[in-house]
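This structure is a prediction, so every number in the text was calculated from the model and none was measured. We number each residue from 1, following the sequence as shown.
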Amino acid sequence: MFNTVLVVVSLFLVLVAGASSAQTSFAVLPMEKRGEIKPEKIEEAQNSLHQVLNDSKKYRLIDRQRVNDILKEQAFQVSGATDPNDIIKLGKILNVEKFVYTVLFRKEADQFAVHCSVMDVSTGQTELVKEVTEKNYSAADMGRFCAAVIIETYPLLGKIEAKAGDFFIVNLGRKMGLKNGDRLFVARENAVGGDDGKIIFKELVRVGALEIVSSDEAWSKARTRRMESGVSSFMKDYIVSPDPVPKKEPLISSVPLLKNVKKGPLVLDDDMKKKQYLSVMGNSGDSYKDGKLQVNATLRKSGYAYCFYSAPFDGLDNSIVEGTIEFQKTTSKYNRIGILFRADGKYPGNRYALFLNNDGQYLIEISKNGKLFPLVPISTTPLLNRGAAANTFKIVAYESKFDFYINEAFLIGLEEEHLERGAIGFMTNAGNYATINDIKIWKAEQE
């Protein structure tokens, strides 16, 4: 009995110790300005940056007031904060691993920009430098975009702490935003040594994936979902992350990637007449008219009109969605509509999108915390009927692979790992207007 209790207590202590080190600690330095920027704009951008980083649950953020107090005590000048010795000294006082240094400025009258850099306390060196900017977006948006770049660059990393029968115990839990059913990528760290035996390089090698079956605030129990070829087991101290590690670049294919995937049970048959499932936010006019969904942003000067299917259609993973779109007359030369999938149902949020326009063009992108990252650049295809003619679309999604069809003809294939499940939705930007009809969703199954 005593030995059993000792083992349980020892495992608990290991889990607590591991969980405390899973989140990288960040301190956000007070945002600087360049040029004529109103103080309230600085505050908007900095609040947004801090809020998005905090909401991601990937990091341990040092309280802003504590950062300000220490800066004042140490008489530390934030402007041009690049001296490695100062960074190391301040980092030790705050007990933090990374500093975020930002500068807000205007590139044009209608265009804010943020210069963002991340400095590592252990070396005092700057390891990320990025400028984020978009026309017609607010200072708060710039803070959000800056946070999205940081989140993209610094994934949440944990590790396997122990094996318990057929399950693995990892030091990531609910306080990091994880829940039952979530996927964890598993990677092994390989060290490369020189001829003198010293380690000169470390790299992560993907070995498979786990699935969380139960979780606490600080840790989770997970089972094997997939192993890479040649891998027979997962080991203690292997790296785990809800983000793809190591990151793989998107793969674009000119041939279908999912030829062996077929339509399974019908999940939704929405003819836009029997029921009205959707409510278009930011719309100009009613959401439904003449038996069609109206995605109408013609009266908007900025932003989007958008909508998402809600429960029980908001957690789709392997699925096939089909529908019909029609571009309506507007004053915009390029009238476009976005078909959103694996979306978190928020705006701005995380989702994939296939955008089509009335001039025969398409674009595929991923949004992470509202920051757009192109996956397939804007391209022209003869498959799209131009003008006001109707077009049908089909998106086949299975695990990390996607096939896209326009008017029953194959358009392009894509492999991308970030988003595993979510909702179907529609979006158009200011000045644009399209209608949607005959949406059908099936569960996708392998033949």
Side-chain angles (χ1 to χ4, degrees), residues 179-185 208-213 222-227 242 244 250-278 293 307-325 337-345 350-354 356 362 364 366 375-376 383 390-426 436-447:
K179 59 185 182 302
N180 294 356
D182 280 357
R183 169 190 60 184
L184 293 174
F185 292 92
L210 293 168
E211 180 177 320
I212 294 176
V213 296
R223 63 188 172 201
T224 301
R225 174 187 284 197
R226 181 181 68 254
M227 287 187 179
L251 170 68
I252 298 173
S253 176
S254 60
V255 297
L257 298 173
L258 298 170
K259 289 182 178 180
N260 63 336
V261 170
K262 65 178 183 179
K263 294 175 180 176
L266 184 66
V267 175
L268 174 67
D269 185 357
D270 186 6
D271 63 1
M272 307 290 172
K273 299 180 181 67
K274 298 185 187 71
K275 292 185 178 181
Q276 295 182 346
Y277 291 97
L278 300 164
L293 180 71
C307 58
F308 302 96
Y309 283 102
S310 57
F313 314 113
D314 58 346
L316 303 172
D317 48 13
N318 300 328
S319 60
I320 299 173
V321 57
E322 293 182 358
T324 301
I325 61 168
I337 184 71
I339 300 103
L340 315 180
F341 55 104
R342 293 193 177 174
D344 61 8
N350 303 311
R351 44 80 176 163
Y352 293 114
L354 167 65
L356 308 172
Y362 71 96
I364 302 174
I366 182 173
L375 299 173
V376 178
L383 301 179
N391 288 275
T392 64
F393 67 87
K394 178 171 74 171
I395 301 173
V396 183
Y398 197 89
E399 294 183 347
S400 61
K401 296 179 180 179
F402 311 93
D403 284 339
F404 301 87
Y405 294 82
I406 298 296
N407 294 320
E408 301 185 359
F410 174 73
L411 175 66
I412 200 166
L414 174 68
E415 185 170 1
E416 214 286 333
E417 298 182 306
H418 276 85
L419 305 180
E420 188 178 21
R421 61 174 60 89
I424 300 295
F426 307 99
I436 311 291
N437 201 4
D438 296 325
I439 297 297
K440 293 181 174 63
I441 303 174
W442 293 267
K443 183 175 178 59
E445 298 179 344
Q446 284 191 321
E447 293 181 340

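- Taking D182 as the reference, K179 meet the salt bridge (Lys or Arg N to Asp or Glu O under 4.0 Å) condition, with sequence neighbours excluded.
- Within the structure, the side-chain hydrogen bond (donor to acceptor under 3.5 Å, both in side chains) test picks out the following pairs touching residues 252-266 (sequence neighbours left out): K263-E322.
- K274 pairs by the salt bridge (Lys or Arg N to Asp or Glu O under 4.0 Å) definition with D271, not counting sequence neighbours.
- A222 is linked by a side chain to side chain contact (heavy atoms under 4.5 Å, CB included) to L210, counting only residues two or more places apart in sequence or in another chain.
- To the nearest 0.5 Å, atom CD of residue E408 and atom OG1 of residue T392 are 5.5 Å apart.
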Dump the intermediate steps for side-chain contact (heavy atoms from CB on, under 4.5 Å) on V321 and V396, then the final yes or no.
CA-CA 7 Å; V321 57; V396 183; over 6 Å; no

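- Using a distance-only test at 3.5 Å, with no hydrogens or angles considered, no donor-acceptor pair links the side chain of N180 to the main chain of I212.
- Here the closest non-hydrogen pair linking L293 and M272 is CB-SD, 3.9 Å.
- With values rounded to the nearest 0.5 angstrom, L258 atom CG is found 9.0 Å from F410 atom CZ.
- Listed by chain and residue number, nothing satisfies the side chain to side chain contact (heavy atoms under 4.5 Å, CB included) test with P312 (two or more places apart in sequence, or in another chain).
- Heavy-atom minimum distance, L257 versus G413: CD1-C, 4.0 Å.
- Between S319 and Y398 there is no side-chain heavy-atom pair separated by less than 4.5 Å.
- Annotation: side-chain hydrogen bond (donor to acceptor under 3.5 Å, both in side chains) contacts involving residues 411-424, sequence neighbours excluded, comprise R206-E417, R225-E420, Y352-E416, K368-H418, E416-H418.
- Take N437 and apply the side chain to side chain donor-acceptor pair (under 3.5 Å) test, not counting sequence neighbours, and it matches no residue.
- Atom CD1 of I252 sits about 7.5 Å away from atom CG of L375, to the nearest 0.5 Å.
- Of all non-hydrogen atoms in W442 and L266, the two that sit nearest each other are NE1-CD1, 3.3 Å.
- Rounded to the nearest 0.5 Å, atoms CD1 (I424) and CG (D314) are 11.0 Å apart.
- Panel note: side chain N318, backbone E445; no donor-acceptor pair is recorded below 3.5 Å.
- Nearest heavy atoms, A444 versus I320: CB-CG1, 3.9 Å.
- Contact between G181 and E211 at its shortest, heavy atoms only, is O-CG, 3.8 Å.
- The minimum heavy-atom distance between L340 and A353, with the atom names listed, is CD2-CB, 3.5 Å.
- With sequence neighbours excluded, no residue forms a salt bridge (Lys or Arg N to Asp or Glu O under 4.0 Å) with R342.
- Applying the side chain to side chain contact (heavy atoms under 4.5 Å, CB included) rule to F404 yields the partners F341, L354, I364, I395, F402, L411, I412, L414; only residues at least two apart in sequence or on another chain are considered.
- Note that the OH atom of Y277 and the CG atom of D270 stand 6.0 Å from one another [nearest 0.5 Å].
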Start with the C-alpha distance between Y309 and F426, add both sets of side-chain angles, then the distance that settles side-chain contact (heavy atoms from CB on, under 4.5 Å), and finish with yes or no.
CA-CA 9 Å; Y309 283 102; F426 307 99; 4.0 Å; yes

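- With sequence neighbours left out, K440 forms a salt bridge (Lys or Arg N to Asp or Glu O under 4.0 Å) with D269.
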Determine, stepwise, if the pair N391 / T324 fulfils side-chain contact (heavy atoms from CB on, under 4.5 Å).
CA-CA 6 Å; N391 288 275; T324 301; over 6 Å; no

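- Qualifying side chain to side chain contact (heavy atoms under 4.5 Å, CB included) partners for A409, counting only residues two or more places apart in sequence or in other chains: L383.
- Distance check: D317 CG to S400 OG gives 12.5 Å after rounding to the nearest 0.5 Å.
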